[in-house]
Structures are given as C-alpha cells and as structure tokens.
Amino acid sequence: MSLKIYNTFTRSKEVFTPIEAGKINMYVCGMTVYDYCHLGHARVLVAFDVISRYLRNAGYAVNYVRNITDIDDKILNRADENGEPYTDLTARFIDLMHQDEARLGVQRPDQEPRATAYIAEIIAMVSSLIEKGYAYAADNGDVYYSVAKFGPYGQLSNKNPDELLAGARIDVEQAKQDPRDFALWKAAQASEVHWDSPWGKGRPGWHIECSAMSTCCLGNSFDIHGGGPDLPFPHHENEIAQSEAATGEKYARYWMHAGAVRVDGEKMSKSLGNFFTIREILDKYHPEVVRYLLIASHYRSAINYSEDSLQTAKTALERFYKGLKGFEAFAPVALADLPAPSEYIARFHEAMQDDFNTPVALAVMFDLVRALNTAVKDGDELQQQKLALELKSLGALLGLLQSKPDDFLQAGGEDELSAEAIEAKIQQRVEAKANKDYTLSDKIRDDLKAQGVILEDTGGVTTWRRG
RNA sequence: GGCGCGAUAGCAAAAUGGUUAUGCCGCGGAUUGCAAAUCCGUUUAUCCCGGUUCGAUUCCGGGUCGCGCCUCCA
C-alpha cells in the first residue's frame with residue numbers, strides 16, 4: 001500500500017514519493033492577519049493538521065511550514081481605518097488565530113515565518129529576478145514580474161497565457177509593460193509603511209513573500225505545497241513563476257488544495273461577507289464537533305455549512321463517546337505501537353493512504369465502535385480493551401475523542417441545569433425506584449428529559465447526558 | 001468567453017464495470033419495570049438522453065442544473 005495524493009498540478013491522483021526518503025517538506029499558505037479566522041480558514045487548518053499528523057504517524061519526518069502574511073494592502077487599510085499601527089493590528093490577530101487553532105486542536109506547524117521578518121530575502125529574490133531578466137523596475141518605483149518571460153506560466157491552473165491577456169478586465173496599471181505582469185515590489189506612497197530597497201522605499205507585493213519564505217525554510221525544491229481553494233490562481237501560479245525563475249529549479253512537487261466552505265450554496269468569503277468566524281461557532285459547539293464536521297467530508301470537496309450540519313456532527317461524535325464510556329483510562333498510542341492491530345487499523349490506513357479519505361476512515365471507526373459495543377455486551381474484556389485502545393488511537397490521529405466521554409456528553413451551557421441538580425434528581429429517582437414507585441421515578445426522568453437531560457439505567461447504575 | 005469541479009437514497013457523505021459504504025432519521029425485533037443506550041434485522045439511490053459492454057451509478061459522447069477560479073479572498 002502506498003500513499004496517493006491528488007496533485008492539482010497534474011489534476012490526478014499520484015503515488016507520493018518524497019524528494020528525500022522518509023522526509024517531507026511541506027509549505028501551506030496561512031493567514032493574512034487583519035481579521036478573525038472564519039470556517040474556511042478552519043477547513044485549511046484542520047485539513048493540513050490531519051494530513052501532517054497522518055504523515056508523521058506513518059513515520060515521515062515532517063517539516064511543516066505555514067506562513068503568516070503580516071504586511072499587505074488590506075492590513076494597512078484596516079489599520080488605517082482603526083487608526084492604529086499596523087503592527088498592533090497584526091499582533092492582535094496573530095494572537096487570536098493562535099487561540100482559534102489551539103481550541104480546534106490544530107497542532108502548531110514546525111515553523112511559522114512572517115513576511116516582515118523576510119524583507120531582506122524578498123529584496124534579494126526580486127533583485128535576482130531583475131538580474132535574470134524576469135522582472136523590471138518601472139518608472140513609478142514598482143517592480144513587476146514579466147509574465148511573458150516565463151514560458152510555463154499557467155500550468156498549475158491550466159490557463160493559457162495568451163487568453164489571460166485577452167481576458168484582463170481590471171484597470172491596468174499604466175506602469176506595467178504587459179497587463180498580466182504582477183507586482184513584486186510596491187513603491188510606498190508618502191507616509192506609508194516602507195522598507196528601503198534598491199528601487200526606493202516600498203513594500204513587498206502579494207505573492208513574493210511566499211516564494212521567499214518557502215525557499216528559505218525548505219529549499220528551492222520541496223515536497224508538498226498546500227492552501228485554500230482560491231489560491232491556485234493567481235497566487236500559486238505566481239509563486240511558481242517567481243521561484244522557478246529565480247532558482248532555476250522545480251518548485252513544489254505536489255500541490256494540494258482544500259475545498260470551499262459554502263453557505264447556502266455560495267462560497268464563504270470575506271468579500272461576500274457571508275462568513276462565520278471560528279470563535280462564534282466555538283461559543284456554541286464543542287471544538288471536536290467542528291473538526292468532525294470538517295473531516296466528515298473529503299478535504300477536496302465543497303461543504304455546505306449550516307447549523308444543522310453541526311448538530312449532525314455532534315450526534316455522530318456522541319456515538320463514539322457513548323461507546324468509550326468506561327474506558328477513560330486508556331491513553332491513545334501511535335498506530336505503529338498498537339499490539340496485534342485489528343482489521344480496522346488496516347482499513348483505516350487504506351482509507352488515509354488514498355488521498356486522506358477521512359470520510360471512509362470515520363466509517364471504519366463506526367464499524368469499530370460497533371464491534372466495541374458488541375464486545376461490551378458479550379463481556380469480552382480483552383476484546384473491549386483492545387478495541388477501545390484502537391478507537392482512541394484512531395481518534396487521536398484525527399484530533400478527535402480527546403475528551404472524557406462524560407465531559408463531552410454532559411457538556412452544557414451556563415443557563416442549563418447544573419450537574420449537581422441533575423445528580424440530586426437522580427438520587428431521588430433511585431429512592432423512588434427502590435420503593436417501586438415507578439410513577440415518581442418516570443416523572444423525574446420525564447422532567448429531566450424536558451430539560452434536555454437523558455437518563456440511562458445501565459447495569460443498575462444510572463448515568464446521564466445532555467441530548 | 002476561457003479553465004475546472006460536481007449532480008448518489010428523507011438529510012449528510014464515500015466507493016465501485018457485476019457483490020453491505022458509513023452516520024443521522026424511519027420501521028420491526030431482542031433487551032429493559034417502562035425507557036434510554038446497545039445489538040440484530042429492515043425501507044428509501046446513483047440528474048436526463050445516447051453509446052461501449054454479457055452487464056454501467058461507475059467508462060465514452062451529448063444535454064440540463066449547480067458551483068468555483070479567471071479581481072482581494074482559505
């Protein structure tokens with residue numbers, strides 16, 4: 001069994017072979033920090049979190065780099081609107097992003113380079129592109145990349161450069177020699193934030209920072225480059241043009257792009273203003289519910305967000321947690337460390353190795369929890385322990401099932417009945433049952449149910465959860 | 001206009017040239033004081049029209065509808 005990855009560049013699933021055996025260098029385009037992260041960002045964060053976790057678990061030494069773009073027109077505009085230094089704005093949203101990612105259980109990347117820390121490298125790359133004839137300094141102080149000079153331009157997004165020229169419909173900057181050319185360096189206006197450069201005071205263009213940071217952190221060529229669904233063109237196309245022209249080497253080998261998150265059939269995006277932030281969703285739902293929702297569809301397919309879909313995700317997770325009650329003591333282990341792994345482990349690997357097919361991986365876990373429930377019913381303790389450990393270990397690999405079952409099943413809002421009040425009611429009911437006063441005991445149970453609390457009498461013991 | 005993706009049961013979502021996806025919901029049974037949970041069983045599918053094939057949801061062609069990128073967006 002070998003790992004297969006869908007490569008945007010070839011538009012096909014390919015057997016994955018790293019440049020250096022056992023090592024994977026991976027770069028993912030991260031956030032431009034001027035606003036809260038929304039669910040679309042969460043999708044990319046979680047997708048590549050699961051991918052990097054799986055690759056590590058499969059034994060690869062993964063170097064996962066995810067950048068932060070902390071200088072950009074939108075950042076400067078927002079800081080201007082707020083009347084604050086742009087560095088205050090970016091520091092705040094970097095911090096908030098880290099909070100969101102921690103709450104979602106997303107492991108931090110190995111390196112998290114920021115554009116403003118790589119200005120010297122960016123200037124060096126732009127200089128190199130000018131020297132090699134791929135870029136030119138215009139009269140207005142901007143530096144542009146000359147798209148016509150890069151023969152393979154358009155390969156990633158499957159675009160014909162000639163047709164791009166015909167289709168240009170934005171106001172073309174006068175200083176450009178060709179409408180398709182894009183800015184590597186932008187001259188600073190009057191009092192704007194700027195750095196000194198051979199072309200005067202200015203700041204980096206949008207795409208160059210990723211070329212510079214990925215090359216500095218991972219080398220001229222690396223294994224995987226990932227990002228959101230709207231990045232293949234122009235961002236990644238331009239990265240390829242910049243990097244390959246500057247280094248003369250193949251840039252990234254496998255391009256991976258997450259699918260869109262939609263709302264009512266339309267892409268969730270800042271420009272449409274139809275986005276839900278991660279934190280507002282996490283105010284109402286357990287982080288694992290959000291993770292489950294994002295993983296229950298394949299990472300490349302579009303998903304349609306709704307409150308209902310979160311509710312369904314919660315119900316699905318409850319099935320796992322109900323099965324794990326009583327196995328709190330089992331700590332998850334790496335899959336390679338499982339003793340005598342069951343067929344479910346092999347099936348899980350098979351699913352994940354097929355372009356990280358998490359929906360199938362979850363289906364395997366549902367089969368596993370059924371087997372676990374059966375083992376519990378049959379009183380087969382060895383089998384129970386084995387399967388519970390396996391389920392927790394598979395869950396851990398996906399960043400799920402990390403809570404104690406009761407913590408997950410009993411989690412409630414502040415306005416809901418307290419655990420103490422529920423326990424007191426249960427005690428009253430135990431006494432009623434002992435007196436065979438089923439009318440009272442059923443009334444207590446019905447009253448609790450009306451308040452969203454479900455009682456379960458299992459083996460003479462009553463437990464509860466919120467429905 | 002260019003490039004690309006998708007259409008699967010009540011909902012969500014995989015896969016597959018012939019054989020159970022899976023989860024939720026519905027129905028029946030076991031279990032239970034009654035429930036809940038669990039287990040067992042079970043009802044609903046492959047957008048339309050052609051073609052290839054012994055056989056197509058799956059491959060090919062055409063169509064319809066939806067969506068994405070082509071402009072800042074993950």
Side-chain angles (χ1 to χ4, degrees), chain A residues 8 11 28-32 34-35 37-45 47-48 72-74 77 154 157-160 162-164 166-171 206 226-235 237 257-262 265-273 275 292-293 296-298 300-304 306 308-309 311-320 322-323 325 347 351 354 357-367 369-378 409 433 436-439 441-442 445-446 448-449 453-459 462-465 467:
Chain A
T8 308
R11 286 172 295 285
V28 173
C29 286
M31 245 49 71
T32 298
Y34 68 103
D35 207 342
C37 296
H38 59 65
L39 194 59
H41 297 110
R43 179 130 201 232
V44 174
L45 290 172
F48 287 99
D72 160 87
D73 288 355
K74 292 186 295 298
N77 291 340
S157 51
N158 197 26
K159 292 189 189 305
N160 181 334
D162 297 337
E163 288 169 0
L164 279 176
R169 55 189 158 93
I170 45 171
D171 293 337
W206 173 33
D230 35 23
L231 294 183
F233 191 90
H235 186 56
E237 198 70 74
H257 293 95
V261 175
R262 296 179 188 164
E266 280 191 309
K267 191 176 82 161
M268 181 181 292
S269 74
K270 286 180 184 166
S271 41
L272 289 173
F275 59 90
Y292 183 92
L293 172 70
S297 300
H298 184 84
R300 278 190 286 115
S301 63
I303 59 176
N304 209 346
S306 68
D308 264 9
S309 62
Q311 202 53 52
T312 304
K314 180 167 179 275
T315 308
L317 265 181
E318 281 171 356
R319 176 153 171 85
F320 289 129
K322 282 184 282 197
K325 279 175 83 165
R347 286 172 55 201
D354 183 14
N357 195 332
T358 50
V360 171
L362 288 169
V364 172
M365 289 170 64
F366 282 114
D367 287 346
V369 78
R370 177 179 299 110
L372 171 60
N373 288 332
T374 299
V376 169
K377 189 162 67 84
D378 296 345
L409 296 168
K433 280 180 66 171
K436 295 231 186 311
D437 184 352
Y438 291 121
T439 308
S441 96
D442 287 355
R445 188 172 62 198
D446 291 345
L448 285 172
K449 185 164 189 189
V453 176
I454 296 164
L455 298 191
E456 295 173 13
D457 298 332
T458 317
T462 300
T463 58
W464 64 276
R465 65 190 162 85

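Chain letters run A, B, ... following the sequence lines, proteins first and then strands; every chain starts at 1.
Among all heavy-atom pairs drawn from A:F275 and A:D35, the shortest one is CZ-OD2, 4.3 Å. The shortest non-hydrogen separation linking A:V261 to A:G40 is CG2-CA, 3.9 Å. Residue A:A258 comes nearest to A:R43 through the heavy atom pair CB-CG, 4.4 Å, listed as atom of the first residue, atom of the second, then distance. In terms of heavy atoms, A:R300 sits closest to A:H257 at CG-O, 3.5 Å.
Between the P atoms of B:U46 and B:U57, the separation comes to 8 Å (whole Å). Taking atom P on both B:U20 and B:G29, the two are 26 Å apart, rounded to the nearest angstrom. On the P atoms, B:A9 is 14 Å away from B:U44, given to the nearest whole Å.
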Scan the side chains in residues 371-378 of chain A for donor-acceptor partners under 3.5 Å anywhere in the protein, sequence neighbours excluded, and list what turns up.
from, atom 1, to, atom 2, distance (Å)
A:N373, ND2, A:V369, O, 3.3
A:T374, OG1, A:R370, O, 3.0

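Within 4.0 Å (heavy atoms only), A:S271 reaches at least one base atom of the nucleic acid. Within 4.0 Å (heavy atoms only), A:K322 reaches sugar-phosphate atoms of the nucleic acid but no base atom. Nucleic acid contact for A:H38: base, since at least one base atom lies under 4.0 Å from a heavy atom of the residue. Among the protein residues, A:L231 comes within range of the sugar-phosphate backbone only, with heavy atoms under 4.0 Å from sugar or phosphate atoms but none that close to a base. If you check every strand for non-hydrogen atoms under 4.0 Å, A:K377 touches sugar and phosphate atoms only. A:G259 comes within 4.0 angstrom of a base, heavy atoms only. Heavy atoms of A:D72 sit nowhere under 4.0 angstrom from any nucleic acid atom. Within the nucleic acid shown, A:S297 comes within 4.0 Å of sugar-phosphate atoms alone, with no base atom in reach, counting heavy atoms only. Within 4.0 Å of A:R445, counting heavy atoms only, lies at least one base atom of the nucleic acid. Contact annotation for A:V376: no contact, since no heavy-atom pair falls under 4.0 Å across all strands. Across all strands, A:S441 comes closer than 4.0 Å to base atoms (heavy-atom distances). A:A258 comes within contact range of no nucleotide atom at all, as no heavy-atom separation falls under 4.0 Å. Note on A:K433: a base of the nucleic acid sits closer than 4.0 angstrom, heavy atoms only.
Where pairing requires Watson-Crick or G-U contacts shorter than 3.5 Å, the helical stems of RNA chain B with at least three consecutive pairs are B:1-7 with B:64-70, B:10-12 with B:22-24, B:26-30 with B:38-42, B:47-51 with B:59-63.
Which of B:A36, B:G68, B:A15 sits closest to the side chain of A:E266 comes down to B:G68. For A:Y438, the side-chain atoms get nearest to B:G33 when compared with the rest of B:C72, B:A74, B:G33. Relative to the side chain of A:D230, the nucleotides B:A36, B:C73, B:C70 differ in distance, and B:C73 lies closest. Here the nucleotide nearest the side chain of A:M268, chosen from B:A74, B:A36, B:A35, is B:A74.
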List, with names and distances, any nitrogen or oxygen atoms from the protein found under 3.5 Å away from nitrogen or oxygen atoms belonging to nucleotides 21-26 of chain B.
from, atom 1, to, atom 2, distance (Å)
B:G23, OP1, A:R370, NH2, 2.6

N/O to N/O distances under 3.5 Å, protein versus nucleotides 4-8 of chain B:
from, atom 1, to, atom 2, distance (Å)
B:G4, OP1, A:N158, ND2, 3.1

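Close to B:C34, at under 4.0 Å from its OP1 or OP2, lies no side-chain N or O of A:T439. The side chain of A:W206 contributes an N or O atom lying less than 4.0 Å from OP1 or OP2 of B:C73. Considering only side-chain N and O atoms, A:N373 lies under 4.0 angstrom from the phosphate OP1 or OP2 of B:C39. Residue A:K270 has a polar side-chain atom (N or O) positioned under 4.0 Å from OP1 or OP2 of B:A74. Distances shown here put every side-chain N or O of A:K325 at or beyond 4.0 Å from the OP1 or OP2 atom of B:U38. Here A:R465 reaches the OP1 or OP2 of B:A37: one of its side-chain N or O atoms lies under 4.0 Å away.
The side chain to side chain donor-acceptor pair (under 3.5 Å) search around A:N304 returns none, not counting sequence neighbours. Annotation: ring-ring contact (aromatic ring centres under 6.0 Å, His included) contacts of A:Y292 (sequence neighbours excluded): none.
Using a 4.0 Å cut-off between charged nitrogen and carboxylate oxygen, A:K449 and A:D446 do not count as a salt-bridge pair.
Counting only distance, with no hydrogens or angles, the side chain of A:S297 and the backbone of A:L293 share no donor-acceptor pair below 3.5 Å.
When side chains are defined from C-beta on, A:K325 counts as touching A:E456, because their heavy atoms get closer than 4.5 Å. Residues A:H41 and A:M31 form a side-chain contact, since some pair of their non-hydrogen atoms from C-beta on lies under 4.5 Å apart. Within the 4.5 Å cutoff, side-chain heavy atoms of A:R465 are placed close to those of A:K322.
With rounding to whole Å, A:K267 atom NZ is found 13 Å from B:U71 atom P. For the pair A:H257 NE2 and B:C73 P, the computed distance is 13 Å after rounding to whole Å.
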